[in-house]
Amino acid sequence: MIRARFAPSPTGYLHIGSARTFIFNWLFVRKHEGTMILRIDDTDVDRNTEASLNSIYEGLNWLDLSWDEFYRQSERLDLHRKLAYDLLSRGLAYRDFTPATNEGEDRPHAEGPWLFHPEMRAISTEESDRRSAAGEPFVIRFKVERDPVREVAFTDLVYGPQSKQTADVEDFALLRSNGMPTYHLASCADDIDLKITHVVRGQDHLSNTFKHILLFQAASGLQPKFAHLPLLIAPDGAKLSKRKHGPVVSVTTYRDNGFLPIAYINFLCLLGWSPKNDREQMSLTELTSLFSFEGVNRSNAVVNFSEADPIDPKAMWLNSQHLRTMPIAELAPIVRRSLEDHHMSVPGTEAQFEHVVDLIRARYSTLLDFALKGRAYFADDFHTDQVAKDKLDVPGARELMHVLADRMEANAEFSEASVEADLRKLAEERGVKPGVLINASRAALTGQSVGPSAFAIFPCLGRERVLERLRRV
RNA sequence: GGCGCUAUCGUCUAACGGUUAGGACAGAGCCCUCUCAAGGCUUAAAUAGGGGUUCGAUUCCCCUUAGCGCUACCA
């Protein structure tokens with residue numbers, strides 16, 4: 001039984017890279033009918049914020065992917081501490097009484113890596129206990145095997161065989177002097193306790209994995225499988241940060257720009273993963289069945305945004321693809337909600353609404369377009385743009401609109417075909433090109449010079465609105 | 001500095017060691033057409049550099065270069 005977890009730490013908004021990590025975990029778990037666990041890694045009390053936690057929920061809720069179990073590390077501190085002290089008593093860890101360095105900046109790297117404080121590693125158990133009892137602050141470090149050194153190895157599901165000498169691993173901290181576990185300790189202790197079978201996370205943890213394996217081996221002898229994901233980076237090659245790259249790195253930016261969750265998920269999946277059959281647009285079901293770690297790439301992927309356009313063009317394309325192909329019954333409620341967010345109520349029956357959405361969706365690329373570009377289809381107070389005005393300013397056009405209104409009033413069928421027949425007949429009678437009437441009526445009905453087939457707009461809006469709009473020009 | 005990872009069109013990517021190096025987005029052009037989209041067609045665009053191994057390297061190995069990650073009592 002597969003058990004995987006997504007373990008964000010609430011120190012910022014939900015990052016686009018974190019979202020992808022969550023999605024890959026989710027796809028893997030759902031494909032194998034395993035258990036998806038959401039675990040909040042909140043052991044860094046100084047940096048955790050409630051706002052950040054809310055932002056994570058906000059993003060995950062929008063994605064609309066479920067999880068089966070939920071934990072917060074801050075509620076499991078005893079478990080973490082127990083492991084640290086267990087290792088201490090077994091001689092696999094030791095107290096380090098070296099005072100914390102202020103900023104951590106000034107460590108000289110020129111002479112090679114820092115591995116441990118030799119004098120601290122050498123302290124006897126008795127002295128260690130005595131100084132601890134005397135109230136001297138300390139950090140508990142893992143005692144990495146040094147004599148002899150050995151090779152730590154594992155096979156990553158994405159990156160393949162990995163190995164490192166213990167001589168290159170520093171004595172990492174387990175428990176801070178304030179009694180809080182470090183990430184490494186809390187993460188491994190919980191992975192063991194929660195019986196995690198697969199750790200799927202960002203590649204920035206690839207080299208940390210050796211430490212974790214050391215911990216797993218010391219603590220339980222059991223260890224999960226690992227799958228590391230390539231990182232998402234900015235066009236300038238730097239890692240995505242809010243400070244440097246702005247709101248594009250936040251999941252909610254896409255939501256607020258009118259993205260469909262499935263389109264965003266689809267886009268993220270294509271960053272660093274490929275089904276290898278040229279498929280691009282996929283439903284959640286397809287993504288789930290197609291997903292595998294073999295398809296995951298090993299190099300970092302660039303999210304292609306610019307200052308002028310914060311949205312990756314591929315994401316935009318995917319969004320418009322999903323918009324125009326997803327079942328209309330599925331899309332309609334989403335559009336309705338979006339319109340309501342813009343304070344527009346939708347009159348008419350559900351069937352009429354779906355009809356309108358279906359007519360215009362093919363030329364829209366985001367949900368926002370329905371409320372903005374599509375306003376005339378849902379409200380009577382719409383703006384008429386200049387090019388549309390020009391179409392109505394064609395000599396005779398306005399008067400023809402009034403005549404057309406009379407014809408429409410008499411058109412019993414009021415279907416796309418009958419409207420077209422009437423309109424072409426009128427054009428012929430008056431000796432004008434049909435285009436004049438077509439363009440003018442689109443302008444009158446929607447305030448825009450561009451849009452769907454003019455004939456289709458008539459039945460879509462309904463006779464009442466059509467007559468009113470034709471007559472008021 | 002040490003350790004680790006990575007390197008195909010502008011971007012995302014495909015290619016049992018044998019292909020005219022494929023697809024998609026974005027770009028250019030054409031067709032379709034009542035407009036705008038969509039759709040169809042065409043076009044431009046890549047194997048970081050150098051050595052090996054091999055009859056034959058995008059693919060395997062080494063070096064260089066570049067980028068990224070870790071090197072915190074952050075995660």
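In what follows, chains are A, B, ... by sequence order, proteins preceding strands, each numbered from 1.
- Side chain of A/Thr325 to main chain of A/Gln321: a donor-acceptor pair is present (N/O by atom type, distance under 3.5 Å, no hydrogens or angles).
- Pair assignment for B/U47 gives none, since no Watson-Crick or G-U wobble pairing has each distance under 3.5 Å.
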Grab the N/O contacts between the protein and nucleotides 20-24 of chain B below 3.5 Å, and write none if there aren't any.
from: B/G22; atom 1: N2; to: A/Asp278; atom 2: OD1; distance (Å): 3.3
from: B/A24; atom 1: O4'; to: A/Glu280; atom 2: OE1; distance (Å): 3.4
from: B/A24; atom 1: O2'; to: A/Glu280; atom 2: OE1; distance (Å): 2.4
from: B/A24; atom 1: N3; to: A/Lys314; atom 2: NZ; distance (Å): 2.8

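- Distance noted for atom C1' between B/C62 and B/U54: 16 Å (whole Å).
- Using P as the reference atom, B/A15 and B/C9 are 16 Å apart when rounded to the nearest Å.
- Between the side chain of A/Asn277 and the base of B/A14, no donor-acceptor pair of N or O atoms lies under 3.5 Å.
- One can place CG of A/Leu174 at 14 Å from C1' of B/A72, the figure rounded to the nearest angstrom.
- For A/Asn208, the listed nucleotide lying nearest its side chain is B/A75; candidates were B/C36, B/A14, B/A75.
- Looking at heavy-atom distances under 4.0 Å, A/Pro10 makes no contact with the nucleic acid at all.
- Between B/C36, B/G69, B/C12, one nucleotide has an atom nearer to the side chain of A/Leu231 than all others, and that is B/G69.
- The gap from the C1' atom of B/U58 to that of B/A21 amounts to 8 Å, rounded to the nearest Å.
- Among the protein residues, A/Pro137 comes within range of no part of the nucleic acid, since none of its heavy atoms lies under 4.0 Å from any strand.
- Taking atom C1' in both B/C60 and B/C16, one finds a spacing of 14 Å when rounded to whole Å.
- The side chain of A/Asn304 sits closest to B/U11 out of B/G4, B/C36, B/U11.
- For the pair A/Glu428 and A/Arg424, the salt-bridge criterion is not met [side-chain N within less than 4.0 Å of a carboxylate O].
- Taking atom CG of residue A/Leu271 and atom P of nucleotide B/C12, one finds them 8 Å apart after rounding to whole Å.
- As a whole-Å value, the separation of A/Leu206 CG from B/U71 P is 13 Å.
- Nucleotides B/A26 and B/U13, compared at atom C1', are 15 Å apart to the nearest Å.
- Note: CG (A/Leu185) to C1' (B/A75) measures 14 Å, nearest angstrom.
- Within 4.0 Å (heavy atoms only), A/His228 reaches no atom of the nucleic acid at all.
- No engagement by A/Asp46 is indicated, since no non-hydrogen atom pair under 4.0 Å with the nucleic acid exists.
- Regarding contacts with the backbone of B/C12, every side-chain N or O of A/Asn300 stays at 4.0 angstrom or more from both OP1 and OP2.
- Using a 30° and 60° split on the angle between ring planes, A/Phe24 and A/Trp273 fall in the perpendicular class, above 60°.
- Counting non-hydrogen atoms under 4.0 angstrom, A/Ser177 reaches a base of the nucleic acid.
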After noting the C-alpha distance and the side-chain angles of A/Asp171 and A/Arg146, does the key distance pass the salt bridge (charged side-chain N to carboxylate O under 4.0 Å, His left out) rule? CA-CA 10 Å; A/Asp171 286 358; A/Arg146 311 236 168 253; 2.7 Å; yes

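- In this structure, A/Lys276 reaches the B/A14 phosphate: one of its side-chain N or O atoms is under 4.0 Å from OP1 or OP2.
- Rounded to whole Å, the P atom of B/C25 lies 12 Å from the corresponding atom of B/C41.
- Comparing B/C36, B/U35, B/G69 by their closest approach to the side chain of A/Ser207 singles out B/G69.
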Would you check, one step at a time, whether the test salt bridge (charged side-chain N to carboxylate O under 4.0 Å, His left out) holds for A/Glu170 with A/Arg141? CA-CA 9 Å; A/Glu170 74 281 3; A/Arg141 291 187 183 281; over 6 Å; no

Apply side chain to side chain donor-acceptor pair (under 3.5 Å) to residues A/Thr166 and A/Glu145 and explain how you reach the verdict. CA-CA 6 Å; A/Thr166 52; A/Glu145 292 148 82; over 6 Å; no

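- Between the CG atom in A/Leu372 and the CG atom in A/Leu367 there is a gap of 11.0 Å [rounded to 0.5 Å].
- Note on A/Pro434: nothing from the nucleic acid sits closer than 4.0 angstrom, heavy atoms only.
- With A/Phe210 as reference, A/Phe154 is the one residue of A/Phe154, A/Phe216, A/Phe226 to meet the ring pair (Phe, Tyr, Trp, His ring centres under 6.0 Å) rule.
- Rounded to whole Å, the P atom of B/U47 lies 11 Å from the corresponding atom of B/U8.
- When atom types are taken as modelled, the side chain of A/Arg298 and the backbone of A/Tyr159 share no donor-acceptor pair closer than 3.5 angstrom.
- Within the nucleic acid shown, A/Gly435 has no heavy atom closer than 4.0 Å to any nucleic acid atom.
- The nearest heavy atom of RNA chain B to A/Lys239 and to A/Thr43 marks one nucleotide each, and the one closer to the 5' end goes with A/Lys239.
- Remark: A/Gln162 is in phosphate contact with B/C5, judged by side-chain N or O atoms under 4.0 Å from OP1 or OP2.
- As rounded to whole Å, 18 Å separates atom P of B/U6 from atom NE2 of A/His205.
- Using a 4.0 Å cut-off, some side-chain N or O of A/Gln321 falls inside it from OP1 or OP2 of B/G39.
- For A/Ser453, whose side chain is taken as the heavy atoms from C-beta onward, the closest listed nucleotide among B/C34, B/A26, B/U13 is B/C34.
- Closest approach of A/Leu287 to A/Asn266, counting heavy atoms only: CD1-CA, 4.2 Å.
- If you take CD1 of A/Ile56 and P of B/A75, they are 14 Å apart, rounded to a whole angstrom.
- Side-chain proximity of A/Arg141 to the nucleotides B/U71, B/C73, B/C25 is greatest for B/C73.
- Residue-level contact check: A/Gly272 touches the backbone only, with heavy atoms under 4.0 Å from sugar-phosphate atoms and none from bases.
- Base engagement by A/Phe455 is indicated by at least one non-hydrogen atom pair under 4.0 Å involving a base atom.
- Remark: side-chain polar atoms of A/His402 are paired, donor with acceptor, to backbone N or O of A/Val473 under 3.5 angstrom.
- Within the 4.0 angstrom heavy-atom criterion, no nucleotide atom of any strand lies near A/Gln281.
- Contacts of A/Ala454 with the nucleic acid, taken as non-hydrogen atoms under 4.0 Å apart, include base atoms.
- Rounded to whole Å, the separation between the P atoms of B/C12 and B/G4 comes to 26 Å.
- No N or O donor and acceptor, one from the side chain of A/Arg298 and one from the base of B/C5, sit under 3.5 Å apart.
- In terms of phosphate contacts, A/Arg442 brings no side-chain nitrogen or oxygen within less than 4.0 Å of OP1 or OP2 of B/C34.
- If you measure from atom CE of A/Met316 to atom P of B/A37, you get 15 Å, rounded to the nearest angstrom.
- For the pair A/Arg76 and A/Tyr71, the distance from NZ or CZ to the six-membered ring centre is under 6.0 Å and the angle to the ring normal is within 45 degrees.
- Heavy atoms of A/Ser274 sit under 4.0 angstrom from primed sugar atoms or phosphate atoms, though from no base atom.
- Comparing A/Ser9 and A/Asn439 against RNA chain B, the residue whose closest nucleotide sits nearer the 5' end is A/Asn439.
- The residue A/Lys433 sits apart from the nucleic acid: no heavy atom pair falls under 4.0 Å.
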